[in-house]
Amino acid sequence: MGISKELKKKFAGFSEEDRARLVRMGWEDRTTFEVIAVQFGLSPNEFVHFMRSVLSGNAFSRWRRRVFEQGRLKNEKKRGFKVTRFKCSRQSVDGITKGWK
């Protein structure tokens, strides 16, 4: 199964920073597909294709299993929180959360 030309063009438009951020967001537990759609314009299906193209086969299998077990694909609307910000409330501007327990 290959990726369409339009999707390849969309992925090529991301910088290396954006690609690294997308992978980090994909592995985070609280990041929903809705947040990724708002920030990067990728649907859940497109994001799965992106992760498949970026990660190795074993890493993609682990990621897919993790996402499925958490229910992000099935129960995203039932998670109980709204997407209003993209960082922790205790996180400073430079991204440091040191000193918080």
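The shown structure was predicted, so the numbers you read here are calculated from the model rather than taken from an experiment.
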Beyond-backbone contact of V23 with F50, side-chain heavy atoms, under 4.5 angstrom:
yes
Answer whether the closest heavy-atom distance between the side chains of M25 and F47 falls below 4.5 Å.
no
Are any non-hydrogen side-chain atoms of L42 and L22 less than 4.5 angstrom apart?
yes
Show which side-chain atoms of residues 5-12 pair as donor or acceptor with protein atoms under 3.5 Å away, not counting sequence neighbours.
from	atom 1	to	atom 2	distance (Å)
K10	NZ	G41	O	2.8
K10	NZ	E46	OE1	3.1

Please name all residues satisfying side chain to side chain contact (heavy atoms under 4.5 Å, CB included) with R62, sequence neighbours left out, ordered by chain then number.
W27, N58, A59, R65
I would like to know whether V48 and W63 meet side-chain contact (heavy atoms from CB on, under 4.5 Å); could you show each step before the answer?
CA-CA 10 Å; V48 170; W63 174 78; 4.0 Å; yes
Go through the structure and list residues passing side chain to side chain contact (heavy atoms under 4.5 Å, CB included) with A37, not counting sequence neighbours.
none
Would you say R64 and R52 make side-chain contact, with heavy atoms under 4.5 Å?
no
